[in-house]
J.: 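Have a look at the structure that comes next, please.
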Protein chains: 2
Amino acid sequence: MPDTVPPDAGDLLEPLARVVRSYYDALTAVATSHGLSGAQARALIALREPLSMSALADHLVCDASNATGLIARMEARGLVRRDPSPEDRRSKVVTATAEGRELALRLRSAMHTVHAALEALTPQERTALLPLLDRLGDLLTR
Amino acid sequence: MPDTVPPDAGDLLEPLARVVRSYYDALTAVATSHGLSGAQARALIALREPLSMSALADHLVCDASNATGLIARMEARGLVRRDPSPEDRRSKVVTATAEGRELALRLRSAMHTVHAALEALTPQERTALLPLLDRLGDLLTR
DNA sequence: TATTGTTATACTCTATAACTATA
DNA sequence: TATAGTTATAGAGTATAACAATA
């Protein structure tokens, strides 16, 4: 008779919170090491493809006026550009500059802290973890 | 021959990010539904026990002047109290009021979104998840 | 009339520097 | 001298309301 009493939800909450915190700490450390706020890092990562101001605000889940200020600061720093849309003269297209794209690349690749932790798992652990994470994500977002 | 090719770290990153995002969304939704900012919620949760201003700033990992403004706003709202320390006349002790403690209770118990998702796992899934979360937390924080 | 983006305004969070009172 | 807390100041992120240009 193995001692496999299933843990209750409370037993899982603490280690889950620890994983979440570590994940966020790693990501914000990367952003600030490149002199970016979290909001700016998120915007830059979203700008893989050019986006209109409203599409960007939707993506960042913030008000359009907020996006205006955010992008204005990033434009002043040379990370993005705002061009008039050729299709709709009300609209503007936000594009990452070469410098912005290069920084975004470093931001993405510099998620290596989290990536390395996942690499350090054994193949068995990885195989076991994947469906559990999928399931948990489904449960949390439904 | 089962198709158990172990997933690489990239395969795990996306579902992990989804879990993390859902977790944070749930927590901030709880805080804002009670009219609290994230910083205020964190402070209130930290104040299970009375703390000095500097101990609170340490806990929140922010500057002391930041804690002054934060606690001043919460004090104006009747959530906390600042009393002179009887031991060190330079120091003040921050204590949650009855209203603040009641709100903190609701904040803690209202983590039910995450809790419910964990409850919805099968006993087998919970048993499998716990050691993996522990291991991942260790890898991320070391 | 509705939409896109901006400006004006205001509040919170955050930090640095200078200050007071106390140790 | 060093520490605890505050104030003054500044900048970033956030939202609401009002506005111009365009659809």
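Chain A is the first sequence line, chain B the second, and so forth, proteins listed ahead of strands; every chain is numbered from 1. Heavy-atom basis, side chains included; hydrogens, waters and symmetry copies ignored.
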J.: What's the CG-P distance between A/Asp63 and C/dT7, to the nearest Å?
T.: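 Distance, rounded to whole Å: 14 Å.
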J.: So which heavy atom on A/Glu75 is nearest to which on A/Val80, and how close?
T.: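 The answer is CG-O, 3.5 Å.
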J.: For a quick test of reading the model, state the closest non-hydrogen atom pair linking B/Leu130 to A/Asp11 and the distance between them.
T.: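 Scanning both residues completely, I find the closest heavy atoms to be CD1-O, 3.6 Å.
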J.: For DNA chain C, which residues in residues 44-60 of chain A have a heavy atom at a distance below 4.0 Å?
T.: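 Contacting residues: A/Ser52, A/Met53, A/Ser54.
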J.: Between B/Leu70 and B/Leu60, is any pair of side-chain heavy atoms under 4.5 Å apart?
T.: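 The answer is yes; the side chains approach within 4.5 Å.
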J.: In a check of side-chain contact (heavy atoms from CB on, under 4.5 Å) between A/Pro7 and each of B/Leu121, B/Thr127, B/Leu129, which one passes?
T.: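 Among B/Leu121, B/Thr127, B/Leu129, the one meeting side-chain contact (heavy atoms from CB on, under 4.5 Å) with A/Pro7 is B/Thr127.
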J.: Quick check on C/dC13: is either OP1 or OP2 less than 4.0 Å from any side-chain nitrogen or oxygen of B/Asn66?
T.: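 Answer is no, no contact under 4.0 Å.
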J.: Please compare B/Leu70 and B/Ala64 by the position of their nearest nucleotide in DNA chain C and report the one closer to 5'.
T.: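 Result: B/Leu70.
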J.: Below 4.0 angstrom, which residues in residues 76-95 of chain A have at least one non-hydrogen atom near DNA chain D?
T.: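 Heavy-atom cutoff 4.0 Å gives A/Asp88, A/Arg89, A/Arg90.
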J.: Whole angstrom is fine here: how far is it from CE in A/Met74 over to C1' in D/dA12?
T.: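 It is 13 Å, rounded to the nearest whole Å.
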J.: Figure out the CD1/C1' separation between B/Ile71 and D/dA4, and round it to whole Å.
T.: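 To the nearest whole Å, that distance equals 15 Å.
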J.: If you take any heavy atom closer than 4.0 Å to DNA chain D, which residues from residues 26-41 of chain B end up in contact?
T.: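 Close to the strand, none.
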J.: On a heavy-atom basis, which atom in A/Ala117 and which in B/Leu140 lie closest, and how many Å separate them?
T.: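 For A/Ala117 and B/Leu140, the tightest heavy-atom pair comes out as CB-CD2, 3.7 Å.
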J.: Report the C-alpha distance between A/Asp138 and B/Arg18 in whole Å, list the side-chain angles of each, state the deciding distance to 0.1 Å, and finish with yes or no for side chain to side chain contact (heavy atoms under 4.5 Å, CB included).
T.: CA-CA 9 Å; A/Asp138 288 344; B/Arg18 200 154 55 93; 3.4 Å; yes
J.: Just wondering, more than 12 heavy atoms not from B/Arg48 lying within 6.0 Å of its CZ?
T.: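 It does not: B/Arg48 CZ has 12 such atoms or fewer within range.
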J.: So for atom NE2, which belongs to A/His112, do other residues, nucleotides or ligands contribute more than 12 heavy atoms lying within a distance under 6.0 Å?
T.: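 For A/His112, atom NE2 is not crowded (no more than 12 foreign heavy atoms under 6.0 Å).
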J.: With a 4.0 Å cut-off, would you call A/Arg126 and B/Asp8 a salt bridge?
T.: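 B/Asp8 and A/Arg126: not salt-bridged.
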J.: Looking at the side chain of B/Thr68, which of D/dG13, D/dG5, C/dT14 is the nearest nucleotide?
T.: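 Nucleotide nearest to B/Thr68's side chain: D/dG5.
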J.: Might you confirm whether atom CD of A/Glu14 has over 12 heavy atoms from other residues, nucleotides or ligands at distances under 6.0 Å?
T.: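 Atom CD in A/Glu14 is not crowded, with 12 or fewer foreign heavy atoms closer than 6.0 Å.
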J.: Same hydrophobic cluster for A/Leu132 and B/Leu136, using side-chain heavy-atom links shorter than 4.5 Å among ILVMFWY?
T.: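 Yes, it is one cluster - the side chains of A/Leu132 and B/Leu136 are joined through contacts under 4.5 Å.
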